[in-house]
Protein chains: 2
Amino acid sequence: MARKQGSHAGITGPKVQEVALRLFAQAGFAAVSMRQIAAEVGVQAGALYNYTADKQALLFDLLRDHMMELGRALDAADLRGTPPAQLEAFTRFHIAFHLPRRDVVFLSYMELRNLSPENYVRIAALRRGYEDRLEAILRAGLQTGDFALRDPRVTTLGLIALLTGITNWYDPGGRLTAAEVAEVYCDLVRRAVTAGPDLPERPAETFARDAHAGKA
Amino acid sequence: MARKQGSHAGITGPKVQEVALRLFAQAGFAAVSMRQIAAEVGVQAGALYNYTADKQALLFDLLRDHMMELGRALDAADLRGTPPAQLEAFTRFHIAFHLPRRDVVFLSYMELRNLSPENYVRIAALRRGYEDRLEAILRAGLQTGDFALRDPRVTTLGLIALLTGITNWYDPGGRLTAAEVAEVYCDLVRRAVTAGPDLPERPAETFARDAHAGKA
DNA sequence: GTCTATAGTCTGATAGAC
DNA sequence: GTCTATCAGACTATAGAC
């Protein structure tokens, strides 16, 4: 111990990402200094620049890696069956993926504004791709008549906000297990969009006059 | 014009709050300097300290004023009638109040971590009071049999996340008017919690074993 | 790959003139 | 109530020794 110098590639690199993620999530990107990160990693500030071009690249890499892992995990998930079955599978996938990653989820929403314009566009495109996967399920269910909803795009954004919001309050040591929370939310999501005999009077898609224009 | 000195109480004071809110929301509390705020207000940095004890008091005052105005506005809203009517009124109120205040809503979620512990407790208590108003409506609807849901507390937090999420994507110049968005969300909220003849098999409140313990 | 040292700039907050 | 001037420290990023 007490080694003050030497080569640690393969150890320091991942540790920089880990520490930066934790500190950014706790205090905010702008509030965390490169010296703080270096101190927790166990090196001097200058050494960080062997692993990142600058502070903002550190943030971008964290967000990009998160979004790409999300996409890969969804690809690997089993989202077959009828639209209601797909919706339940998506709901459970979203909760299961996001709940253990509360730090980076918080970062993904809070620190987009600290990305450069080009980097922002890249992250936003990845997010849009994920949203589109849910929207496709909702549209399929409209076609089959399983779902009744006024606007697939807005409903998509609403459901994702509903589900992602869990990460803001969930306490692993709290009253409910993650599985119990997932049950509550599966119910909410399913009932929010399911066509039922009690509510036939409203048109399914009142505001779809420009549904593919890109804007929400 | 070109006046460099003089007394402007009653003008500068509110302007400091305005500018601070806008800059904090745009760039984050930690990323905004007192000099930046002063420059946009049109004074020198030192003059700000006539209006705030320090930078953090500026943030706390913004959040406290917002939460107290929210409470007063809800008190003034017409939330009578059956639980379903109350729920629709709450939904419309929440959207109407939050949509024109996107900056401070964003601040209220993102910058809680930059409050001192005492200040955090005060803001959290105000928020909890607001959440409890919705939870009371849900519990009333469970009693009357109008609503069916598994957990009033979790459902409350879910619905608030759903509704508040609108502020993250809504574009006043976009495809939908605020009134149209409100219709979509009224539908989602109502259907998510309404007891219907199609879904009688699930218990209304499976996880309520500790519903008043304080933790979600 | 990590160290030390440093350049150049910005920070929150205060003091005292007017 | 606002100004100017200033303190003491922190910041990102780089240079060069090892």
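Proteins come first, then strands; the chains are lettered A, B, ... in the order of their sequence lines, and each starts at number 1.
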Out of C:dT2, D:dG1, D:dT6, which has the shortest distance to the side chain of B:Tyr51? D:dG1
Can you see whether A:Tyr130 engages A:His94 through a side-chain donor-acceptor pair at a distance of less than 3.5 angstrom? yes
Does B:Tyr109 have B:Arg127 sitting over its ring (NZ/CZ under 6.0 Å from centre, angle to axis within 45°)? yes
The side chain of B:Thr12 lies closest to which of these nucleotides: D:dT2, C:dT2, C:dG12? D:dT2
Please tell me which of the listed nucleotides, C:dT4, D:dT4, C:dT2, lies nearest to the side chain of A:Gln44? C:dT4
I want to check something: taking the side chain as every heavy atom from C-beta on, are B:Arg64 and B:Ile123 in contact at a cut-off of under 4.5 Å? yes
Would you mind reading off the distance between B:Asn114 atom CG and C:dG12 atom C1', rounded to a whole angstrom? 15 Å
Whole Å only: how far is the CG atom of A:Asp54 from the C1' atom of D:dT14? 13 Å
Interatomic distance, A:Met34 CE vs C:dT11 C1' [rounded to whole Å]: 18 Å
So, does B:Ser33 get its side chain near the phosphate of C:dT11, meaning an N or O under 4.0 Å from OP1 or OP2? yes
Which whole-number value in Å describes the distance from B:Gln36 CD to C:dT11 P? 6 Å
Let me know the distance between CD of A:Gln56 and C1' of D:dA13, rounded to the nearest Å. 15 Å
Using whole Å, what does the distance between atom P of nucleotide D:dA10 and atom CD1 of A:Ile37 come to? 17 Å
May I ask you to say what B:Val41 touches in the nucleic acid, namely base, sugar-phosphate or nothing, with a heavy-atom cut-off under 4.0 Å? nothing
Return the value, rounded to whole Å, for the distance between atom CZ of B:Arg35 and atom P of C:dT9. 14 Å
Taking only side-chain N and O atoms of B:Tyr49, does any of them lie within less than 4.0 angstrom of OP1 or OP2 on C:dA15? no
SB check A:Arg92 A:Glu183 (cutoff 4.0 Å): yes
Shortest side-chain distance from A:Lys55, nucleotide among D:dT2, C:dA13, D:dA13: D:dA13
Test: A:Arg101 cationic atom under 6.0 Å from A:Phe97 six-membered ring centre, within 45° of axis: yes
Using the side-chain heavy atoms of B:Asn50, tell me which of these nucleotides is nearest: D:dC11, D:dT2, C:dT2. D:dT2
